[in-house]
Q: 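What follows is a single structure, and I will ask about it in a moment.
In what follows, chains carry the letters A, B, and so on, assigned in the order in which the sequence lines appear, proteins first and then strands, with residues in each chain numbered from 1. Note that these values count all heavy atoms, side chains included, but never hydrogens, waters or copies made by symmetry. These numbers were taken from a predicted model, which means no experiment stands behind them.
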Number of protein chains: 2
Amino acid sequence: MTPELRHLRYFVAVAEHLSFTVAARELHLAQQSLSQQIAALEHALGARLFDRDTRGTRLTEVGRVFLPEARAVLTRADAALETARKAVRGEIGRLRVAFLVSTANYMMPPVVRAFRERYPDVELLAEAVGIAGLVAGLREDRYDAAFTRPPLVDDLVTATLVAEPVCAVLPAGHPLAGRAGLRLADLAGEPWVLTPRGSWEPWHRKYDEDFRAAGFEPQVVQRADGVPSLLGLVAAGVGVTRLARSAHSLRRTGVVFVPLAGERAETVMAWHPARDRQAVRNLLDVAAELAVSIDLTEAG
Amino acid sequence: MTPELRHLRYFVAVAEHLSFTVAARELHLAQQSLSQQIAALEHALGARLFDRDTRGTRLTEVGRVFLPEARAVLTRADAALETARKAVRGEIGRLRVAFLVSTANYMMPPVVRAFRERYPDVELLAEAVGIAGLVAGLREDRYDAAFTRPPLVDDLVTATLVAEPVCAVLPAGHPLAGRAGLRLADLAGEPWVLTPRGSWEPWHRKYDEDFRAAGFEPQVVQRADGVPSLLGLVAAGVGVTRLARSAHSLRRTGVVFVPLAGERAETVMAWHPARDRQAVRNLLDVAAELAVSIDLTEAG
DNA sequence: CAGCGGTTACAGTCAGAGCCTGTGACCCCC
DNA sequence: GGGGGTCACAGGCTCTGACTGTAACCGCTG
């Protein structure tokens with residue numbers, strides 16, 4: 001027989017009470033069963049742990065030596081289980097989070113900061129990536145969660161955190177730059193600067209729908225990847241584009257942001273349903289809490 | 001269910017091989033049984049430890065956190081068992097040893113030194129005590145072993161270590177002091193200095209026999225407890241006495257030791273048979289080894 | 001594309017471990 | 001001397017931790 005934690009628990013209980021009867025009562029089992037298990041432990045160790053006769057129970061020298069050892073093992077085991085439970089609650093471990101580059105500027109700092117404060121024992125790995133890498137990373141278990149923009153794909157779960165106005169982005173001095181608001185149709189005749197079609201299919205399908213609903217097909221004079229590039233081209237007067245208002249924080253000169261009626265850009269947290277761990281839930285909770293308490297899209 | 005060491009062993013094995021099948025082979029059990037036990041452990045923790053499908057097994061985040069914990073518990077448990085085994089072998093623990101005051105001067109230093117060297121992790125408590133306290137201490141479990149002189153009592157076990165000549169102790173200048181050897185009968189007419197009759201019955205019964213065998217009853221002019229007192233009285237010319245040769249080391253001036261024909265004084269190790277631990281055996285071995293390698297009675 | 005070798009999971013069965021109750025021997029104290 | 005305390009022994013029950021047999025699934029290979 002090889003000793004189990006049960007034997008150590010029994011041994012410590014008997015050693016603490018120096019009585020099989022009392023220890024058995026505490027352990028909620030019969031004195032006979034306790035005697036049996038202690039005997040088995042003694043057999044495994046090759047020595048008696050207690051001197052016992054009709055007038056009581058005393059530790060032998062081996063028992064005296066073994067008692068602190070047994071206690072230490074039990075304490076260590078308890079600690080191990082407690083650590084495991086903490087991991088289950090998502091209070092310890094590692095969390096790999098991707099931030100879509102175009103949302104990273106305003107989402108990453110407050111989210112990372114708040115999460116680290118709330119869960120200091122979780123190793124949070126934050127990374128800013130493009131949309132394709134983000135989705136692939138979630139699917140292939142390189143990220144546990146991601147902050148990004150919809151629409152994505154069916155096999156990922158998302159939760160909406162914030163919605164902000166979508167704006168027409170015009171060069172400073174553009175005839176429409178002074179308006180308080182615009183409809184997408186107002187920009188039908190403008191030259192457009194957009195991202196390459198291949199960047200992320202679901203987005204471009206939605207763009208196509210939006211323009212069709214506004215009754216025109218945009219005349220694309222230039223395609224460029226990344227919000228800073230688009231803003232640069234707009235500032236240079238190459239054309240106009242359409243971005244979430246939070247993008248304004250990336251470039252304040254040479255461009256004007258005018259809200260487009262009825263359009264909203266959402267920021268969501270996304271994750272793979274098969275890897276729905278508590279730590280991911282905790283991250284969502286922290287981010288959602290943050291979203292109601294401060295305007296994340298203004299923070300950048 | 002509360003996790004046992006078995007579950008941790010199984011978990012570590014699966015985590016190390018990342019395969020239930022291979023781990024089961026190593027653990028000498030069926031894959032199904034292993035799966036069952038891991039499932040039980042996961043149920044107890046409230047979370048899966050492995051992501052498993054038909055193409056393999058991977059640790060979950062909780063599993064990654066728990067693995068070093070489980071290893072630590074198993075390591076601690078192994079250490080505890082190893083410590084227990086050392087205690088069984090008498091290589092660790094506490095040993096309470098009594099030395100009869102009249103043998104302590106030559107026995108205690110070499111025995112304690114040799115034992116400490118051989119068993120550095122055993123806490124050796126050495127004490128010099130009178131014969132009555134020594135026997136009572138062995139019987140009442142205050143000492144684990146004792147070095148003393150026979151005869152003792154039936155309920156204690158003894159092992160002889162050394163035998164030395166018994167000497168007549170005479171004042172310097174006594175007519176017989178120049179002799180190379182004496183018989184007890186030669187001292188029939190002398191005034192005697194002896195220990196009080198009450199000090200230890202078995203000894204005095206033997207003295208009585210010795211004197212009866214020598215054909216006289218000693219004329220006791222003074223009784224005094226302890227070898228130094230006897231030596232002092234002999235040196236003062238009050239009378240003669242009879243002591244083991246090793247007592248000479250306690251007083252070199254004013255007294256002369258003359259061997260008595262045929263008489264030997266033994267030094268024994270004594271212990272209680274009910275407390276016959278390995279550590280006691282080890283002490284006996286060390287002392288016996290010492291006895292053959294050096295003349296303990298001369299060492300003092 | 002079918003078959004084979006690999007994975008784990010599910011279902012049913014069995015032996016034994018661990019627990020129970022009943023009983024006995026012994027010691028101490030009133 | 002009896003009552004209350006100790007622990008040990010014996011016999012029986014239950015459930016757990018094994019086993020075997022089977023199925024579902026994936027990916028490689030011929």
Q: Could you work out, with side chain to side chain donor-acceptor pair (under 3.5 Å) as the rule, every residue matching Arg205(A), not counting sequence neighbours?
A: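 In terms of side chain to side chain donor-acceptor pair (under 3.5 Å), with neighbours along the sequence ignored, Arg205(A) is linked to Glu201(A).
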
Q: Starting the side chain at C-beta, find the nucleotide from dA18(D), dT21(C), dA8(D) nearest to Gln31(A).
A: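 Comparing dA18(D), dT21(C), dA8(D) against the side chain of Gln31(A), the answer is dA8(D).
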
Q: Parallel under 30°, tilted from 30 to 60°, perpendicular over 60°: which one fits the rings of Tyr119(A) and Phe115(A)?
A: tilted

Q: OP1 or OP2 of dT7(C) sitting under 4.0 Å from any side-chain N/O of Arg52(B)?
A: no

Q: Would you kindly give the CZ-to-C1' distance between Arg6(B) and dG17(D), to the nearest whole Å?
A: 7 Å

Q: What integer distance in Å separates Leu29(B):CG from dA15(C):P?
A: 19 Å

Q: Please report, rounded to the nearest Å, how far the P atom of dT16(D) is from the CD atom of Glu4(B).
A: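 The answer, rounded to whole Å, is 13 Å.
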
Q: Mind checking what makes salt bridge (charged side-chain N to carboxylate O under 4.0 Å, His left out) contact with Glu140(A), not counting sequence neighbours?
A: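 Result, salt bridge (charged side-chain N to carboxylate O under 4.0 Å, His left out) vs Glu140(A): Arg142(A).
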
Q: Tabulated below should be each protein N or O lying under 3.5 Å from an N or O of nucleotides 1-6 of chain D; please produce it.
A:
{"residue": "dT6(D)", "atom": "O4'", "partner": "Thr54(A)", "partner atom": "O", "Å": "3.4"}

Q: Separation of Arg58(A) atom CZ from dC7(D) atom P, in whole Å?
A: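 After rounding, the gap between these two atoms is 10 Å.
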
Q: Run Lys86(A) and Glu61(B) through salt bridge (charged side-chain N to carboxylate O under 4.0 Å, His left out) and show every step you take.
A: CA-CA 12 Å; Lys86(A) 273 177 122 165; Glu61(B) 184 60 25; over 6 Å; no

Q: Evaluate the ring planes of Phe20(B) and Phe50(B), with Trp represented by its six-membered ring, and classify them as parallel (under 30°), tilted (30 to 60°) or perpendicular (over 60°).
A: perpendicular

Q: Would you kindly give the NE2-to-C1' distance between His17(B) and dT8(C), to the nearest whole Å?
A: 17 Å

Q: Would you indicate which nucleotide in dA10(D), dC19(D), dG21(D) comes nearest to any side-chain atom of Gln32(A)?
A: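 Nearest to the side-chain atoms of Gln32(A), counting from C-beta on, is dA10(D).
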
Q: Can you tell me how far C1' of dT8(C) sits from CZ of Arg48(B), to the nearest Å?
A: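 Rounded to whole Å, this separation is 10 Å.
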
Q: Take atom CZ of Phe50(B) and atom P of dA9(C), then tell me their distance rounded to the nearest Å.
A: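 One finds 11 Å between P of dA9(C) and CZ of Phe50(B), rounded.
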
Q: Name the nucleic acid region contacted by His28(A), choosing base, sugar-phosphate or nothing; use a 4.0 angstrom heavy-atom cut-off, strictly under.
A: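 It contacts sugar-phosphate atoms only.
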
Q: Between Leu5(B) (CG) and dG17(D) (P), how many Å, whole number?
A: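 Taking atom P of dG17(D) as the reference, CG of Leu5(B) is at 14 Å.
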
Q: Charged N to carboxylate O below 4.0 Å: is that the case for Arg96(A) and Glu123(A)?
A: no

Q: At a heavy-atom distance below 4.0 Å, what parts of residues 35-44 of chain A sit against DNA chain D?
A: Ser35(A)

Q: Please enumerate all residues that pass salt bridge (charged side-chain N to carboxylate O under 4.0 Å, His left out) together with Arg275(A), with sequence neighbours excluded.
A: Asp141(A)

Q: Which pairs would a plain distance check flag for residues 26-34 of chain A, meaning a side-chain donor or acceptor within less than 3.5 Å of a matching protein atom at least two apart in sequence or in another chain?
A:
{"residue": "Glu26(A)", "atom": "OE1", "partner": "His17(A)", "partner atom": "NE2", "Å": "3.2"}
{"residue": "Gln31(A)", "atom": "NE2", "partner": "Ser35(A)", "partner atom": "OG", "Å": "3.3"}

Q: Check the pair Glu82(B), Arg89(B) against salt bridge (charged side-chain N to carboxylate O under 4.0 Å, His left out), reporting the backbone distance first and the verdict last.
A: CA-CA 11 Å; Glu82(B) 182 49 34; Arg89(B) 292 196 300 265; 3.4 Å; yes

Q: How is Tyr10(A) classified with respect to the nucleic acid when contacts are heavy atoms under 4.0 Å: base, sugar-phosphate, or nothing?
A: sugar-phosphate

